[in-house]
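What follows is one structure encoded as structure tokens, with my remarks underneath.
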Amino acid sequence: MEPPPDRERFRPTPGRSREEMEALQRDIAASARFADDLPFDPATVGDPDGPLVAGVDQAFLTDRDPEMAVSAVVVRRGDEVIERVHAISPVEIPYVPGLLAFREGGPILDAFAELETDPDLALFDGSGRIHFREAGLATHVGVALDLPSVGVAKSLLCGTPARDTAALAAGERVPIRGDDRMSASATDTVVGYAYQSRQYPDSRRINPLYVSPGHRVSAETAVDCVARCGGDYKLPEPTRLADAYADEVKRSLAE
DNA sequence: GCGACAG
DNA sequence: ATCTTGTCGC
């Protein structure tokens, strides 16, 4: 799938100043919908006859002249893999906290362009609304494709947990509220959740995931969808499969 | 000067 | 993200 013609302006292309990138992010946030606007019933995510859920992740070939990105997208219905694609693209923008979508967004869109299936929902490795300008990777790509999306990050970029998240039991979720490091419009509103997908039985601890709406989903529905994606690991299965696939492609390119 | 942050 | 073996515990 490709971005709709009228959304080409959201594509995270290189050659922009930091100010221009931040301005585009404010534009992206203004176009994002942090409320449910889904073509399916979120309660059916993970069901054999439920929606098509895509997992997205990348691996990098740092030891190349232009650094190369391997972007992978794995689409599932229930626990069955319907389609799996990848793209290998040059990385043209360095990683800067807050501007991750500009480094990874382009290569990810290259992978989506290879997709024959149209997913109903996509899970990204990174933040959505939990972002300084409410326009993290999941939001940026979701808005660019006008595709319902969710951000699943392994660490918290900004925002404040409603209570301590150090020792949550499996399945527990704690609201993350917008704080002073974020757009004023997010202040005190629930921009996402810390979600303990897995936990050890003993005293060892696993950090929670930080789930936030990307586009066309509310914070509550975003966590519900992640919880329904299942899997036996910390990361939801779609994302974990995309991660493994990107690594597989990367290793096959070793020299 | 301090703060300090996805992948 | 990436560089990387063994090791602790169920």
Side-chain angles (χ1 to χ4, degrees), chain A residues 12 18 21-22 25 28-29 32 55-64 66-73 86 88-109 111 122-142 149-161 165 170 176 178-183 186 191-195 198-215 219 222 226 232-236 239-240 242-251 253-255:
Chain A
R18 177 172 192 132
M21 291 190 275
E22 295 186 349
Q25 291 186 322
I28 290 279
V56 185
D57 194 29
Q58 301 171 299
F60 295 84
L61 300 171
T62 311
D63 56 344
R64 299 294 178 99
E67 177 180 0
M68 301 297 275
V70 176
S71 308
V73 180
H86 75 270
I88 298 175
S89 335
V91 176
E92 311 176 278
I93 304 172
Y95 168 68
V96 174
L99 299 177
L100 179 67
F102 284 88
R103 169 184 168 83
E104 307 193 340
I108 285 175
L109 288 177
L123 266 44
F124 292 84
D125 203 1
S127 284
R129 193 183 186 182
I130 294 181
H131 178 274
F132 311 121
R133 291 165 291 281
E134 299 179 86
L137 179 67
T139 298
H140 199 133
V141 178
S149 62
V150 170
V152 181
K154 294 182 289 296
S155 60
L156 191 59
L157 216 205
C158 54
T160 306
T165 61
I176 303 293
D179 60 23
D180 57 15
R181 292 174 292 176
M182 305 171 63
S183 318
V191 294
Y193 283 88
Y195 172 60
R198 298 289 135 180
Q199 191 52 283
Y200 291 128
D202 58 49
S203 61
R204 296 177 57 192
R205 57 181 47 178
I206 293 179
N207 292 119
L209 290 174
Y210 297 94
V211 180
S212 58
H215 180 45
V226 169
D232 300 319
Y233 299 83
K234 173 175 174 173
L235 292 178
T239 297
R240 196 188 67 82
D243 178 274
Y245 182 42
D247 264 0
E248 178 186 324
V249 173
K250 174 184 175 174
R251 283 175 300 169
L253 269 45
E255 290 171 47

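So you know, we letter chains A, B, ... as the sequences are listed, proteins then strands, and number each from 1. None of the values given here were measured: they were computed from a predicted structure.
Considering only heavy atoms from C-beta on, A/V96 stays 4.5 Å or farther from A/M21 through its side chain. Taking 4.5 Å as the limit, every side-chain heavy atom of A/S149 sits out of range of all side-chain heavy atoms of A/V56. No side-chain heavy atom of A/N207 sits under 4.5 Å from any side-chain heavy atom of A/K154.
Taking atom CZ of residue A/R103 and atom C1' of nucleotide C/dT2, one finds them 10 Å apart after rounding to whole Å. Between the CG atom of A/D125 and the P atom of C/dA1 there is a distance of 6 Å, given to the nearest Å.
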Step-by-step side-chain contact (heavy atoms from CB on, under 4.5 Å) determination, A/I108 to A/F124
CA-CA 10 Å; A/I108 285 175; A/F124 292 84; 4.0 Å; yes
side-chain contact (heavy atoms from CB on, under 4.5 Å) assessment of A/T139 paired with A/H131
CA-CA 9 Å; A/T139 298; A/H131 178 274; over 6 Å; no
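Heavy atoms of A/L99 sit under 4.0 angstrom from at least one base atom. Residue contacts shown for A/S155 are limited to sugar-phosphate atoms, with no base heavy atom under 4.0 Å away. When heavy atoms are screened at a 4.0 angstrom cut-off, A/Y95 is found touching base atoms of the nucleic acid. Among the atoms of the strands shown, only primed sugar atoms or phosphate atoms (P, OP1, OP2) are found under 4.0 Å from some heavy atom of A/A59.
Results of the side chain to side chain donor-acceptor pair (under 3.5 Å) test with A/R103 over A/Q58, A/E92, A/E67 single out A/E67 as the only residue that passes.
Side-chain N/O atoms of A/K250 include none lying less than 4.0 angstrom from OP1 or OP2 on C/dA1.
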Scan nucleotides 4-10 of chain C nucleotide by nucleotide, 5' to 3', and note B when protein non-hydrogen atoms come under 4.0 Å of the base, S if they reach only the sugar-phosphate, - if neither.
-------
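For the 3.5 Å distance criterion, the side chains of A/D179 and A/T160 qualify, holding a donor opposite an acceptor.
On the nucleic acid side, DNA chain B contacts chain A at distances under 4.0 Å to non-hydrogen atoms, with the end points of that region at B/dC5 to B/dG7.
Listed by chain and residue number, nothing satisfies the salt bridge (Lys or Arg N to Asp or Glu O under 4.0 Å) test with A/E104 (two or more places apart in sequence, or in another chain).
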